[in-house]
2 protein chains.
Amino acid sequence: MRRCKADAEQTRLKILEAAEMLFAEHGIARTTLEQIARTAGVTRGAFYWHFKDKTAVLSALYERTTAPQLALIREASEQADLTDPLAFLECSGTRFLSVFAADKCQQRMHRIMSNAAMTEETAAWLAEANVELWRVFQRLLARAGEAGQLTDELTPDEVAVSLMVMFNGLLNEWLRSDRAFPLDTLGAKLLHHHIASLRRNGGAA
Amino acid sequence: MRRCKADAEQTRLKILEAAEMLFAEHGIARTTLEQIARTAGVTRGAFYWHFKDKTAVLSALYERTTAPQLALIREASEQADLTDPLAFLECSGTRFLSVFAADKCQQRMHRIMSNAAMTEETAAWLAEANVELWRVFQRLLARAGEAGQLTDELTPDEVAVSLMVMFNGLLNEWLRSDRAFPLDTLGAKLLHHHIASLRRNGGAA
DNA sequence: AGCTACATACATTCACGTATGGATGTAAAT
DNA sequence: ATTTACATCCATACGTGAATGTATGTAGCT
C-alpha cells in the first residue's frame with residue numbers, strides 16, 4: 001500500500017468518478033457514502049478525508065464540469081460575431097450537441113443536475129445555469145431582432161423561449177429515451193430547420 | 001373526534017394531497033412519512049392504515065392522475081381525424097397545454113415524475129408514458145407522411161422527435177423557469193409556428 | 001519524528017415498520 | 001331502546017436497521 005501524493009490525488013479522483021456514476025444512475029439521495037467508497041475501491045474513511053460530506057462531492061463535481069462549461073458559454077456569447085446571431089447560435093449549438101453526445105461525463109452531470117431533488121444548493125445552481133442561458137439567448141436574439149432577421153410572427157423574447165425549449169428539450173429527450181436517436185446528426189438537422197423557420201421569410205426559398 | 005366512513009376517505013385524500021405537494025416541492029426521497037402525516041393533520045398511524053408504504057402513495061397518485069390522462073391520450077389518438085394529423089396534433093396539443101397550465105395537480109405530478117430518482121417502479125412508469133407518446137406521434141406522422149403533408153427535409157420519424165422535443169420541452173422549461181412565460185398563449189403560438197414549419201412548403205404563404 | 005492518507009471502530013441520529021391501545025361507529029341481539 | 005359485540009380508524013409507543021459523523025489506530029512517506 002503506497003501512499004505518495006499522487007496516489008492521494010488519484011483516490012480523490014476515483015471517489016469523484018464513482019460518485020458521478022452512482023449519482024447519475026440512482027440519484028443523489030439514493031446513493032450511500034458506503035457505495036461511493038466501495039465503488040472507488042476505498043472505505044468511508046478515505047471519503048471523509050477528502051470531502052466534508054455528500055454535498056461537498058456534488059459541489060466538486062459541479063465545479064469541475066458544469067461551472068467551467070458555463071463560463072465557456074458566457075465567454076463565447078460575449079465574443080460572438082453579432083452580424084448574424086442566428087447563424088452563431090446554430091453553429092455553436094450544433095457543436096455543443098456533438099460534444100455532449102460524445103462526453104459521458106457531461107451527460108452524467110446533466111442527469112444528476114436534472115434529477116437533483118431540490119435542496120437549496122442544487123436549486124441555486126440550476127437557477128444560475130438556466131438564467132445564464134436565458135441571458136445569452138435573449139441578448140443574441142434581441143440583436144437579431146434589431147437587425148431585422150427574425151420572423152414577424154414572434155418577438156425576440158418568444159424566439160428565445162422557442163430556442164431554449166428546443167435545445168434543452170433535445171438534451172432531455174435524448175437522455176430520457178436512452179439515446180434512441182442520434183443526437184449529433186439529427187440534433188443538428190432539427191436545430192438547422194428550426195432556426196431557419198425563425199428567420200424572416202423562414203421556409204421560403 | 002368523529003370517525004365515519006366519509007371522514008376516513010377524507011383523511012386518505014388529505015394524505016394524498018399532502019404527499020403530492022411535498023413530493024413536488026422537496027422530491028420523494030427527501031420527504032418523510034412524518035412530514036406527510038403532519039401536513040395532512042394526522043399521525044403516521046393514519047398513514048400506515050391507508051397505505052402500505054411511501055411507494056404505495058406514489059402509486060396511488062400515479063393511478064389517479066397520470067394513468068387516466070395517458071388513457072385519454074391513447075383513446076384520442078385512436079379516434080383522431082387522420083385527414084390532417086398535423087392539425088389534430090396542433091389542436092389537441094394546444095388544448096393540453098392550456099389545461100396543464102391551469103391544473104396545479106398535473107403540474108405537481110409532472111415535477112414528481114420528472115424528478116423521481118430512478119427506482120424500478122417509477123422508471124417503468126416514465127418509460128411507459130413516454131413510449132406511449134412516441135407511438136402516438138409516430139403513428140400520426142407516418143400517416144401525415146403518406147399523405148404528403150410533411151416537408152421533404154425531414155422523415156416522419158424525425159418530425160416525431162422534433163414534436164416530442166418541442167412539446168415536452170415546453171412543459172419542462174415552463175416548470176423549471178417557475179412559470180416565467182405564459183404556457184397557454186405562447187405555447188400555442190410556438191406550437192403553431194413549429195408545426196407550420198414542418199408542413200410541406202411550411203413557411204411560404 | 002511527525003505528518004499524511006487512509007482503515008477501523010464506535011456513537012448517534014433518524015426514518016421506517018410494527019405492535020398495541022383506545023375511541024368511535026355500526027350492526028345484531030334482546 | 002338499550003346493550004353487546006365487533007370492526008373501523010387512528011394515535012402512541014417501541015423496536016430496528018441503515019446511514020451518518022467522529023474518534024482512534026496505523027502504515028508509510030518525507
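Letters A, B, ... mirror the listed sequences (proteins, then strands); counts begin at 1.
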Rounded to whole angstrom units, what separation is found between the [atom1] atom of [X] and the [atom2] atom of [N]?
X      : N       : atom1 : atom2 : answer
D53(B) : dG17(C) : CG    : P     : 5 Å
K14(B) : dC10(D) : NZ    : C1'   : 15 Å
F51(B) : dC10(D) : CZ    : P     : 11 Å
Q35(B) : dA15(C) : CD    : C1'   : 10 Å
Y48(B) : dC14(D) : OH    : P     : 18 Å
D7(B)  : dT8(D)  : CG    : C1'   : 12 Å
R44(A) : dT22(D) : CZ    : C1'   : 10 Å
R30(B) : dA15(C) : CZ    : P     : 10 Å

Minimum-distance nucleotide (side-chain atoms of L33(A) versus dA7(C), dA5(C), dT20(D)):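 Selected nucleotide: dT20(D).
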Closest listed nucleotide, where the reference is the side chain of T32(B) and the choices are dC6(C), dC9(D), dC16(C):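 Out of dC6(C), dC9(D), dC16(C), the nucleotide with an atom closest to T32(B)'s side chain is dC16(C).
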Gap between atom OG of S59(A) and atom CG of D53(A) - 0.5 Å precision: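 Rounded to the nearest 0.5 Å, the CG-OG separation comes to 10.0 Å.
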Short side-chain N/O contact from W49(A) to OP1 or OP2 of dC6(C), under 4.0 Å: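 Negative; the distance criterion is not met.
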Any T11(A) side-chain nitrogen or oxygen under 4.0 Å from OP1 or OP2 of dA5(C):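 Answer no for this pair, as no side-chain N or O of T11(A) is under 4.0 Å from OP1 or OP2.
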Heavy-atom pair with the smallest gap, counting every atom of R108(A) and M21(A):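 Minimum heavy-atom separation between R108(A) and M21(A): CD-CA, 3.9 Å.
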Neighbour count >12 (heavy atoms, 6.0 Å) for atom CZ, R179(A):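 Above 12, so yes.
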H192(A) and T94(A) side chains, donor-acceptor separation under 3.5 Å: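 There is no such pair (donor and acceptor under 3.5 Å, judged by atom type) between the side chains of T94(A) and H192(A).
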Sugar-phosphate only, base, or nothing, as touched by T43(B) at under 4.0 Å among non-hydrogen atoms: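 Touches a base.
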